Amino acid sequence: MTERGTRLMARAALVPVGAGALILVGWPVVRMATQAFAALATASTPGLGRTAAVSTGLSLTVTVLATALGLALALTARTLPIRPRRLLDAVIGGLLLVPPYTVAAAVVAVGGRGGRFAAVLPDVYGLPGMALAMTLAHLPIAYLVIRVAWRVVDPHLVEMARVHGARAGEVFRLILLPPLRAPLGVTAALMFVSTLSDPSIPAVLRGRVPTLAHTAYIEVIAWGGEGTASLIAVLLALPVLPLLLVLWRRPDPSLLRTRWLGRGTSPTLVLPSSPLVNACRALSVLVLALVLVLMLTAGTSMARAQVALVTPAMRAVIISTLGYALAALLIAAPLGVLTAWASQRAGDRVARGADLLQVTLLLMPATTLGIAFFLAYGLETPTPWGDLPALVGGASLGSGAVALLVAFVAPAVPLVHLAVRAGQQRTPQALQETARVLGAGRRRLALQLVLPRAGALVAATAAAVTARNIVSVVPVVFLSTPDAPMVASFALDLLDRASFEQTFALTGIIAVLVTAVGAAVAAASAAVVGRRGAM
């Protein structure tokens, strides 16, 4: 096929995918925005300004704390030998497998009204408890981003600076801080949006402090004020707009898909002892001690439980969630690969547009998506061709299964797309041109040159998508039904009944399943990629 034919075929492949995204995601978001403006015009949301101010202040505080602790932990990790560094990576990275509501439940078990240390600790309900739980729940984001960004730092440059008499603060300011400017900006924006739109931690620790996400959650599950829920959903999405404007104005929207460095071990950085290094180590010890206390408290709570920790209902919920997660992966992976391939072949302008749309969908708060899906698909929708059946609720099409799959697939496709695009960048353009000159066709070029180089990234992304689908709280809590139960909604029901022991047991089972399923998916993906690369 000629180059022009390939380009036309790639553009044609993007048309149905784009149309499907507009119908399944774009229309609900537009409908939600229309309802939000109508609610704003009628002034039917008293007290929402105070709630927004409280939520914004809480999210800003958590963003600053998590970023500072992530910096301290990452700097400590880079100054440790390989084995202690890997242990630190495992402990902090393992928090990604713990849902936010479980962190909040552990905080209650430690310092709540019936907690182990309630007599010596202040009240954990309200802003202090929510700030602590959110900081720990979102700390891995900042830590892992900084760890990856510092892989490009040459230890010889640090050693040269020390030879010339540079102190630790100067090394940090002149050598370690510059690679973090763009990643830290994106990370801070993502943490701010994710904490602002998290309804699960406030559901456990809010006390009498209202937050935007939890207010919207109450409105939705009670089938109450649609105008309030839609207005909150729009407010939660507003902080994403500045980041999107930055990406849209860049010549290449590669801020979230820089070249992946997935090989080798980061060398140890030797820094002179200084107040900065010592403070980072002290903060790292404090964080690890806090995580250990929460884990031990959760473990002792389960050991002393007088009820059955694993019930038949819990097993059914786990099986249901696992099935939806794997089904979503089977749908999202081919779509993401297809859009990435079509973007590469359709020309620079079309590729830029496709990448921007994927990044926009990825950055949109999951709570906003959940509310949009609920409002759009909760009831039958009249169209010129007939009524579109309801997709949310036990009496809807497929008992709510369709809406849940859409909620899982919508944020997963951009992850796969961006990962494949990053994998394409791993193959140097000069190497591809040389292979074409030597007579390699497109099929052989893709199977024997691009896929083997991107294989580890493809496998890791598949595992990450599966883990995210199993552990995610939103948007599924807005769409879960009794006929299609999900882990997140089931856990929140347990926490409403103060069943902390069963919540901890459920989280432990999910963590083991996520690790096992993620490893199996990664191994299977790597094996498939390896076999195709050997063809």
Side-chain angles (χ1 to χ4, degrees), residues 13-14 16-21 23-25 97 316-343 354 357-358 361-362 366 369-370 373 377 391-392 396-424 446-447 450-451 454-476 479-481 483-488 510 512-533:
L14 289 175
V17 178
I23 294 173
L24 295 177
V25 179
L97 303 179
V317 167
I318 293 173
I319 293 173
S320 173
T321 304
L322 185 62
Y324 279 106
L326 293 177
L329 176 66
L330 295 178
I331 297 173
L335 286 177
V337 172
L338 174 64
T339 56
W341 169 84
S343 299
L357 287 176
Q358 296 284 12
L361 186 58
L362 180 64
L369 285 178
F373 291 155
Y377 302 130
L391 301 179
V392 178
S396 63
L397 181 65
S399 298
V402 176
L404 285 172
L405 275 178
V406 172
F408 273 143
V409 170
V413 172
L415 285 174
V416 178
H417 173 92
L418 295 174
V420 176
R421 294 285 282 155
Q424 292 170 347
L447 294 179
V450 177
L451 268 181
L457 182 57
V458 172
T461 303
V465 168
T466 306
R468 182 193 181 283
N469 286 341
I470 296 175
V471 180
S472 63
V473 178
V474 287
V476 295
L479 307 174
S480 181
T481 66
D483 294 329
M486 305 302 294
V487 165
I510 289 299
V512 173
L513 278 176
V514 165
T515 304
V517 172
V521 170
S525 302
V528 170
V529 170
R531 283 198 298 268
R532 290 184 176 179

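What you see is a predicted model, and the numbers here were worked out from it, not measured in a lab.
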Please round to the nearest 0.5 Å and tell me the distance separating atom CE of Met486 and atom CG of Leu322.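 Taking CE in Met486 and CG in Leu322, the distance rounds to 10.0 Å.
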Let me confirm one number: the CG-CG distance from Leu415 to Leu362, rounded to the nearest 0.5 Å.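 Leu415 atom CG to Leu362 atom CG measures 5.0 Å (nearest 0.5 Å).
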Apply side chain to side chain contact (heavy atoms under 4.5 Å, CB included) to Leu24 and Phe373, showing your working. CA-CA 8 Å; Leu24 295 177; Phe373 291 155; 5.7 Å; no
Would Leu513 and Ile470 count as a side chain to side chain contact (heavy atoms under 4.5 Å, CB included) here? Give the steps. CA-CA 9 Å; Leu513 278 176; Ile470 296 175; 5.5 Å; no
Cut-off 3.5 Å, no hydrogens considered: what does the side-chain donor-acceptor table look like for residues 326-339, sequence neighbours left out?
residue : atom : partner : partner atom : Å
Thr339  : OG1  : Leu335  : O            : 3.1
Thr339  : OG1  : Gly336  : O            : 2.9
Thr339  : OG1  : Gln358  : NE2          : 3.4
Thr339  : OG1  : His417  : ND1          : 2.9

Applying side chain to side chain contact (heavy atoms under 4.5 Å, CB included), name anything that partners Leu357, two or more places apart in sequence or on another chain.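 With neighbours one apart ignored, the set is empty.
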Can you list everything that forms a side chain to side chain contact (heavy atoms under 4.5 Å, CB included) with Ala354? Sequence neighbours excluded, please.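 Per chain and number, Ala354 pairs via side chain to side chain contact (heavy atoms under 4.5 Å, CB included) with Ser343.
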Which is it for Val416 and Val465 under the side chain to side chain contact (heavy atoms under 4.5 Å, CB included) test, yes or no, and what are the steps along the way? CA-CA 8 Å; Val416 178; Val465 168; 4.1 Å; yes
Is the shortest side-chain heavy-atom distance between Val514 and Val471 below 4.5 Å?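 Yes, side chains in contact.
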Closest heavy-atom pair and its distance - Ala407, Pro475: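 In this case the closest contact between Ala407 and Pro475 is CB-CG, 3.6 Å.
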Would you name the heavy atoms of Ser472 and Phe408 that are closest together and state the gap between them?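 Looking at all heavy atoms of both residues, the closest pair is OG-CE2, 3.6 Å.
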Main-chain N/O of Val476 paired with Ser480 side-chain donor or acceptor, under 3.5 Å: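 No; zero donor-acceptor contacts below 3.5 Å.
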Backbone N or O of Gly400 within a donor-acceptor pair of the Tyr377 side chain at under 3.5 Å?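 No.
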Applying the side-chain contact (heavy atoms from CB on, under 4.5 Å) criterion to Leu479, which one of Leu404, Val474, Leu405, Val406 satisfies it?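 It is Leu404; the other options fail the test.
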